[in-house]
Student: 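For reference, the structure I am asking about is given below.
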Amino acid sequence: MIRAHRLLAGTLAAGALLLSGCAQSVDPIERIGRKAAQSVRPKGSVSPEGKAGTGAQGAPDRRAAHAAWGLAKPLAPPPAPPRAKPSGPFVLDRVRTDEKVVFLTFDDGAERDPAFLRMVGDLKLPISMFLTDSVARSGYDHFARLSAAGATVQNHSVSHPDLRTLSYEGQRAEICGQQDRLKARFGTSPRLFRPPYGAYDRDTLRAARACGVDAVVLWRASMQIHDMRYADEGARLRPGDIVLAHFRGPAELKGTTLTEMTTRMLRRIQEQGFAVARLEDYV
């Protein structure tokens, strides 16, 4: 089981680290997304301080909010969360569900784009943030604002090593150390852990359990600059897929912003008829 997950994680991690894309002379997402990032604040939007506005009737204008971020229609509302969380393995890359939902996860914490904060608030995106202390530490205030806008904070290690190269004690220091840091900064201990590069061994799982982790989270699809990469044959999403993205900016995304990449990801999800649900409601 571990060997199979390791092979899958290695393949997906390699894909996630290769950010491919070609330059385009005109990109409508860039035009719309950057306009939204700079000046558009639709009714019902969330300010960088996390305070929501409302329309004339006191309700947010969802269609205008989505259009401002380059989406032709609002995201499909997710189904009600299950009353009891589905039982599942300790290591998972997909949630056991028949509902057409996927789960968005963002890793590391290098990019702190205020426009992405507005986007998450405007669209009410239920994202999970897997933060690495060595990368995200200087921006924890930004991630606290994202948390106030509805994002959840999870563990991605202290310094982003390949955990398989460390002893059990070293792995425990990486995982428990970040549990302690995130609890001190955000008030609660993360329940979920993602190993850097998706790489782990038996000591990783033993250390994660010892640090109070409920599940080790991998992924089935990863968002690149312009499109998704899929683990399954057929190049499509499946119910319960966990989707990987990264907090990256134009320097890493060949001129593309984090919000533009996210708009493309949301379009792919919509095209395949899926809604976005909160991972922690299911795991």
Side-chain angles (χ1 to χ4, degrees), residues 1-14 16-17 85-96 103-110 127-144 146-147 151-220 222 242-248 278-283:
M1 177 73 175
I2 290 176
R3 182 180 180 184
H5 270 295
R6 186 182 302 157
L7 290 172
L8 172 62
T11 301
L12 291 172
L17 292 173
K85 293 179 181 179
S87 61
F90 185 61
V91 181
L92 72 157
D93 51 26
R94 173 185 287 146
V95 171
R96 291 176 179 173
F103 307 95
L104 302 186
T105 63
F106 285 77
D107 279 12
D108 301 341
I127 67 169
S128 302
M129 307 183 294
F130 287 82
L131 300 181
T132 297
D133 186 70
S134 62
V135 178
R137 182 190 312 127
S138 62
Y140 277 159
D141 286 349
H142 171 77
F143 297 109
L146 273 168
S147 177
T152 57
V153 176
Q154 305 297 349
N155 186 339
H156 196 40
S157 80
V158 172
S159 64
H160 209 277
D162 181 339
L163 293 172
R164 299 169 301 178
T165 67
L166 303 181
S167 65
Y168 168 75
E169 290 76 15
Q171 295 198 43
R172 180 166 174 163
E174 283 285 337
I175 300 171
C176 289
Q178 185 64 340
Q179 291 286 95
D180 294 342
R181 287 166 171 81
L182 293 176
K183 181 178 181 181
R185 180 59 185 82
F186 297 96
T188 58
S189 293
R191 294 178 42 249
L192 308 179
F193 171 69
R194 173 170 284 156
Y197 315 109
Y200 67 95
D201 57 20
R202 286 183 174 84
D203 281 343
T204 313
L205 304 186
R206 188 160 64 101
R209 285 191 172 96
C211 296
V213 168
D214 291 340
V216 171
V217 177
L218 304 179
W219 60 92
R220 295 297 296 181
S222 62
I242 297 170
V243 180
L244 167 69
H246 288 84
F247 288 108
R248 289 177 177 162
R278 188 178 306 283
L279 180 60
E280 291 79 1
D281 289 340
Y282 288 74
V283 177

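In this text the structure is predicted, and so the values were computed from the model without any measurement.
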Student: Is the charged tip of R194 near the ring of F130: under 6.0 Å from the six-membered ring centre and within 45° of its axis?
Tutor: yes
Student: Could you work out, with side chain to side chain contact (heavy atoms under 4.5 Å, CB included) as the rule, every residue matching V158, not counting sequence neighbours?
Tutor: D133, E174, Q178, R181
Student: Quick check for you: to the nearest 0.5 Å, what is the distance between L131 atom CG and F143 atom CZ?
Tutor: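 L131 atom CG to F143 atom CZ measures 5.5 Å (nearest 0.5 Å).
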Student: Considering non-hydrogen atoms only, spot the tightest contact between D93 and R220 and give its length.
Tutor: O-CG, 2.8 Å
Student: Considering non-hydrogen atoms only, spot the tightest contact between Y168 and A210 and give its length.
Tutor: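 Residues Y168 and A210, closest heavy atoms: OH-CB, 3.7 Å.
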Student: Working to the nearest 0.5 angstrom, can you tell me the gap between S159 OG and L166 CG?
Tutor: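 That separation rounds to 7.5 Å.
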Student: As an exercise, state the distance from CG of L92 to CG of L279, rounded to the nearest 0.5 Å.
Tutor: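 L92 atom CG to L279 atom CG measures 7.0 Å (nearest 0.5 Å).
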Student: Going by the rule side chain to side chain contact (heavy atoms under 4.5 Å, CB included), which residues pair with A245 if we only count those two or more places apart in sequence or in a different chain?
Tutor: F106, M223, M261, M265
Student: Drop me the distance from E169's CD to C176's SG, to the nearest 0.5 angstrom.
Tutor: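 One finds 11.5 Å between CD of E169 and SG of C176.
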Student: Roughly how far, to the nearest 0.5 Å, is the CG atom of D141 from the CG atom of L146?
Tutor: 11.5 Å
Student: Considering all heavy atoms of both residues, which atom of Y282 and which atom of V95 are nearest to each other, and what is their separation?
Tutor: CB-CG1, 3.7 Å
Student: Which pair of non-hydrogen atoms, one from L205 and one from Y200, has the smallest distance, and what is that distance?
Tutor: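 For L205 and Y200, the tightest heavy-atom pair comes out as CD2-CD1, 3.7 Å.
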Student: Quick one: do the Q179 and S189 side chains pair a donor with an acceptor below 3.5 Å?
Tutor: no
Student: Taking all heavy atoms of P196 and all of S157, pick out the closest pair and write down the distance.
Tutor: CG-OG, 3.4 Å
Student: Of all the heavy-atom pairs spanning V153 and P190, show the shortest one and how long it is.
Tutor: O-CB, 3.9 Å
Student: With a 4.0 Å cut-off, would you call D201 and R206 a salt bridge?
Tutor: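 Not counted as a salt bridge, because no side-chain N and carboxylate O are separated by less than 4.0 Å.
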Student: How many angstroms lie between OG1 in T105 and CD1 in I242, if you round to the nearest 0.5 Å?
Tutor: 7.0 Å
Student: Begin with the C-alpha distance, continue with both residues' side-chain angles, and end with the deciding distance and a verdict on side-chain contact (heavy atoms from CB on, under 4.5 Å) for R278 and T152.
Tutor: CA-CA 9 Å; R278 188 178 306 283; T152 57; 3.8 Å; yes
Student: Using the test side chain to side chain contact (heavy atoms under 4.5 Å, CB included), find all partners of D214 that sit at least two apart in sequence or belong to another chain.
Tutor: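 If we apply the side chain to side chain contact (heavy atoms under 4.5 Å, CB included) test to D214, skipping adjacent residues, the hits are R191.
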Student: Tell me, do V216 and T204 make a side-chain contact under 4.5 Å, heavy atoms counted?
Tutor: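 Side chain of V216 against side chain of T204, heavy atoms only: no contact under 4.5 Å found.
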Student: Between D180 and K183, does any NZ, NE, NH1 or NH2 come within less than 4.0 Å of an OD or OE carboxylate oxygen?
Tutor: no
Student: Does a side-chain heavy-atom distance below 4.5 Å link P195 with L218?
Tutor: yes
Student: Let me know which of R248, H246, H160 forms a side chain to side chain contact (heavy atoms under 4.5 Å, CB included) with D107.
Tutor: H246
